[in-house]
Amino acid sequence: MMDYRSHASFDGHEEVVFVNDGRLGFSAIIALHSTALGPAGGGCRIWRYGKDEEALTDALRLSRGMTYKNAMAELPMGGGKGVIYRMGVDRAACMERFGEAVEQLGGRYVTAEDVGATVDDMRSIARRTSYVAGLPKEDGRAGGDPSPWTSLGVFLSIQALLDGSLRDRTIAVQGAGAVGFGLCKLLAAEGARLIVADVNAANAERATSLGAALAPVDQIHRVKADVFSPNALGAGLNARTIPEIASPIVCGAANNQLETEEDGARLVARGVVYAPDYVVNAGGIINVSAEYLGESEAQVDARVRAIPRRLLRVLETARAEGMAPHQAADRIVRDRIAAAGRA
Ligand code: NAD
């Protein structure tokens, strides 16, 4: 067992569970950051790390991130994360073992898919516990692919930041994958002009069917547009790219867009309005949580449509209090959790 309380990424996590099964060749960590607002919700990542220690770092950091994302989305959920860092040959048995560990937490942690996990894995987990989402959707109920909801939340946020109208506005889209392409479709339908870059030529190409122009991958942030929308990987906003960003607004779905804490201040110094990633990309987790909470698609739609209002409040708080938007978002979340603690 690793000592997590003295780990650099430890942030008062409520509990960290280590699962090791030598017979199966299986090792996992479940980190519960906070259950102040409800069961700790957050997916299960399946990844090979150079060192076991890195799996713990991921579990601690990602579970904390889920607390913030879920609280900002006003979901009755706390934050947690599963990380499987050793997978035996009998994958189904390993996932069932993970399900047993989730079950033992008695509902304090609810799992779902994350990087590396599949719907089949969730089916295996579901044989051992009911505290799992990410299963195929049933009629009228929430569930299934979360990315269209993520696209919708980002689209509505961009629309709000441009005062409602997208006609003839230019959006530079980095990454036209599940979320980015869905976003392009919504933007194109409202008359926006698209400039798209993707390392995957086929994904970039399909955006041209929407009338998008293509830009080189290393130039997309330098394109003069009304909004730069990162929908690829994280850490795209950094000391190298921020001085070159040519749009006054950054708003996209990619997780962990700021490479470091200082990058939020760098954007402010350049006069670029940054829509904090976890505020605008919550559509996916809203859909996954709704599946667990037994909510309808109409309820998911209402929760996603509340994202722009939250974003504008975050930006207003940042302006009023002279902070970077990501700091204002964190502050609003901490206040919400403290208020729940008092109640
Ligand atoms: P995806 O894998 O379907 O799409 C990512 C796209 O980015 C791919 O087309 C890939 O080729 C492209 N890409 C990778 N590196 C690039 C680069 N350097 N420049 C340009 N393009 C690049 O993933 P997704 O589900 O669309 O998720 C996109 C981002 O949004 C990720 O950061 C993800 O963590 C985040 N996110 C996704 C969801 C969701 O519901 N899927 C929810 C919240 C956040």
Side-chain angles (χ1 to χ4, degrees), residues 41-47 58 61-62 65-66 68-70 72-73 75 79 81 112-119 133-134 137 142-158 171-187 194-208 210 212-223 228-238 240-241 244-245 250-259 275-291 300 303-304 307 311:
C44 169
R45 178 163 293 194
I46 304 176
W47 198 250
D58 246 7
R61 288 183 45 234
L62 296 168
M66 291 312 302
Y68 281 74
K69 190 187 279 203
N70 291 338
M72 176 55 76
L75 291 165
K81 198 83 186 182
E113 281 113 336
D114 191 56
V115 177
T118 65
V119 172
K137 92 172 167 187
D145 181 7
S147 61
W149 294 109
T150 308
S151 302
L152 178 62
V154 175
F155 165 77
L156 295 169
S157 299
I158 290 175
I171 319 295
V173 180
Q174 179 182 50
V179 177
F181 186 60
L183 173 65
C184 286
K185 284 197 272 192
L186 294 167
L187 292 168
L194 300 173
I195 303 175
V196 171
D198 197 302
V199 290
N200 176 325
N203 282 1
E205 201 50 43
R206 65 180 178 170
T208 60
L210 301 169
L214 299 183
V217 167
D218 60 353
Q219 297 295 317
I220 186 71
H221 64 286
R222 305 176 69 168
V223 165
F228 169 50
S229 183
N231 298 284
L233 306 178
L237 304 176
N238 53 49
R240 185 180 54 77
T241 58
E244 298 177 342
I245 288 174
V250 175
C251 179
N255 275 312
N256 305 319
Q257 289 172 35
L258 301 175
E259 186 171 288
D277 44 17
Y278 75 82
V279 180
V280 300
N281 74 12
I285 193 70
I286 287 171
N287 185 56
V288 171
S289 303
E291 181 187 339
V300 174
R303 286 189 188 275
V304 173
I307 290 176
L311 169 63

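No hydrogens, no waters, no symmetry mates; every other heavy atom, side chains included, goes into these values. Both counts, for ligands and for their atoms, begin at 1 and track the order of listing. Here the structure is a predicted model, which is why all the values come from computation and not from measurement.
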Those residues that, when tested against Arg45, pass side chain to side chain donor-acceptor pair (under 3.5 Å) (two or more places apart):
Asp114
Output every pair passing side chain to side chain donor-acceptor pair (under 3.5 Å) with a member in residues 194-204, not counting sequence neighbours, ordered by first then second residue.
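Sorted result for residues 194-204: empty, none.
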Here the gap from Thr208 atom OG1 to Leu214 atom CG, rounded to the nearest 0.5 Å, amounts to 6.0 Å
Of all residues at least two apart in sequence or in a different chain, which pass the side-chain contact (heavy atoms from CB on, under 4.5 Å) check with Leu258?
Leu237, Asp263, Leu267, Tyr274, His326
Examine the side chains of Gln174 and His221 and answer whether a donor and an acceptor come within less than 3.5 Å of each other.
no
Output, or 'none' if empty, a list of ligand 1-protein atom pairs in which both atoms are N or O and the distance is under 3.5 Å, rounded to 0.1 Å.
unit_1	atom_1	unit_2	atom_2	d
ligand 1	3 (O)	Ala178	N	2.9
ligand 1	9 (O)	Asp198	OD1	3.3
ligand 1	9 (O)	Asp198	OD2	2.6
ligand 1	9 (O)	Asn203	ND2	2.7
ligand 1	11 (O)	Asp198	OD1	2.6
ligand 1	26 (O)	Ala178	N	3.2
ligand 1	26 (O)	Val179	N	2.8
ligand 1	30 (O)	Ala253	O	3.4
ligand 1	32 (O)	Ala232	O	2.7
ligand 1	32 (O)	Asn255	N	3.3
ligand 1	34 (O)	Asn255	ND2	2.8
ligand 1	40 (O)	Thr150	OG1	2.7

Do the non-hydrogen side-chain atoms of Trp149 and Val300 ever get within less than 4.5 Å of each other?
yes
